[in-house]
Amino acid sequence: MRKLIYAINVTLDGCFDHTLPIADAELLEHFTRLLRGADLLVYGRKTYELMVPYWPDVAKNPAETKEDIEFAQAFVSKNIVVFSRSLESAEGKNARIVRTNLRDEILKLKQEQGKNILAGGVDVPSQLIKLGLVDEYHFVVHPVIAGQGRRLLEGIHRQEILKLKLVESETFKSGAIALHYSKR
């Protein structure tokens, strides 16, 4: 069975905002390794629209940094499932929109052959966490206090506390810390 892995950047005060992380070579290399361990990406509309067409454009631009290009090339090689009720179409042959039941679709995808499934963003992953479908968590905590922004599980109530086991951690030169957790 494939694992569903949730990976995200977060500030010290728990905010998720793609403009706040320190996007340096180390961070890009970290997320490139995560991408290479997956063959399917799961996003909601907002995250999909942040990632596409940005990363496909970077993959075609030789003027970008080596780390940006490596991440972009890894990104464009993946299949993408976008959960959305409002998105009309998805770009490229490797992306598809799913409007059916999130739980049923993810359970079906986890049963398929392949590498891990990597989820990003806030809304869809919050629902996946509530449903108990996330197997591993990769948080990169940045030395930034945002003071405002979106938060994981905002407006979603879990019936029980989710206890996780620390698998590994890595400290970057920027002061960011990558934390890898699994379910207990």
| request: Please say whether more than 12 non-hydrogen atoms of neighbouring residues, nucleotides or ligands are located less than 6.0 Å from CG in Leu162. | output: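 Yes, CG of Leu162 has more than 12 neighbouring heavy atoms, counting only those of other groups under 6.0 Å.
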
| query | Do other residues, nucleotides or ligands put more than 12 heavy atoms under 6.0 Å from the NZ atom of Lys78? | reply |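 Correct, the count exceeds 12.
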
Cluster overlap [X] with [Y], hydrophobic side-chain contacts below 4.5 Å:
| X | Y | result |
| --- | --- | --- |
| Ile8 | Leu133 | yes |
| Met51 | Leu34 | yes |
| Val10 | Tyr181 | yes |
| Tyr137 | Val122 | yes |
| Val42 | Tyr54 | no |

| message | Using side chain to side chain contact (heavy atoms under 4.5 Å, CB included), reason through Leu40 and Leu118 one step at a time and then give a plain yes or no. | response | CA-CA 6 Å; Leu40 178 65; Leu118 192 60; over 6 Å; no

| message | Determine whether a donor-acceptor pair (N or O, by modelled atom type, separation under 3.5 Å) exists between the side chain of Glu105 and the backbone of Val98. | response |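 Looks like no, no N/O pair under 3.5 Å.
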
| Under the 3.5 angstrom rule, does the side chain of Asn94 hit a backbone N or O of Val76 as a donor-acceptor pair? |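 Checked: pair present.
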
| message | Classify the ring geometry of His30 against His138: parallel below 30°, tilted from 30° to 60°, perpendicular beyond 60°. | response |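 Aromatic pair His30/His138 classed tilted.
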
| Taking it one step at a time, do Asp123 and Lys46 satisfy salt bridge (charged side-chain N to carboxylate O under 4.0 Å, His left out)? | CA-CA 9 Å; Asp123 294 339; Lys46 292 175 191 171; 3.5 Å; yes

Is the closest side-chain heavy-atom distance between [X] and [Y] below 4.5 Å?
| X | Y | result |
| --- | --- | --- |
| Tyr43 | Val52 | no |
| Ile5 | Ile117 | no |
| Leu152 | Phe16 | yes |
| Ile177 | Leu179 | yes |

| request: Name all pairs fulfilling the side-chain hydrogen bond (donor to acceptor under 3.5 Å, both in side chains) condition that reach into residues 31-41, sequence neighbours left out, sorted by first residue then second. | output: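 Residue pairs passing side-chain hydrogen bond (donor to acceptor under 3.5 Å, both in side chains), neighbours aside: Arg2-Asp39, Arg33-Glu170.
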
| message | Between the side chains of Arg45 and Glu49, is the shortest nitrogen-to-carboxylate-oxygen separation below 4.0 Å, so that they form an ion pair? | response |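 Yes, charged N to carboxylate O under 4.0 Å.
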
| Under 4.0 Å between a Lys/Arg side-chain N and an Asp/Glu carboxylate O for Lys108 and Glu112? |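 Judged by the 4.0 Å cut-off on N to carboxylate O distance, Lys108 and Glu112 do not form a salt bridge.
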
| So which pairs with a foot in residues 78-111 pass ring-ring contact (aromatic ring centres under 6.0 Å, His included), sequence neighbours left out? |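 Found none.
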
| task | Run the numbers on Glu70 and Lys66 for salt bridge (charged side-chain N to carboxylate O under 4.0 Å, His left out), then give the verdict. | result | CA-CA 6 Å; Glu70 286 179 1; Lys66 173 184 165 272; 3.5 Å; yes

| query | What are the two closest heavy atoms between Gly147 and Asp13, and how far apart are they? | reply |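 Answer, listing the atom of Gly147 first, then Asp13: N-OD2, 2.6 Å.
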
| For Tyr48 and Ala95, which heavy atoms make the closest approach, and how far apart are they? |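 Looks like OH-CB, 4.0 Å.
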
| request: Please assess Asp24 against Lys173 for the test salt bridge (charged side-chain N to carboxylate O under 4.0 Å, His left out), listing each intermediate value before the final yes or no. | output: CA-CA 10 Å; Asp24 60 10; Lys173 291 176 192 146; over 6 Å; no

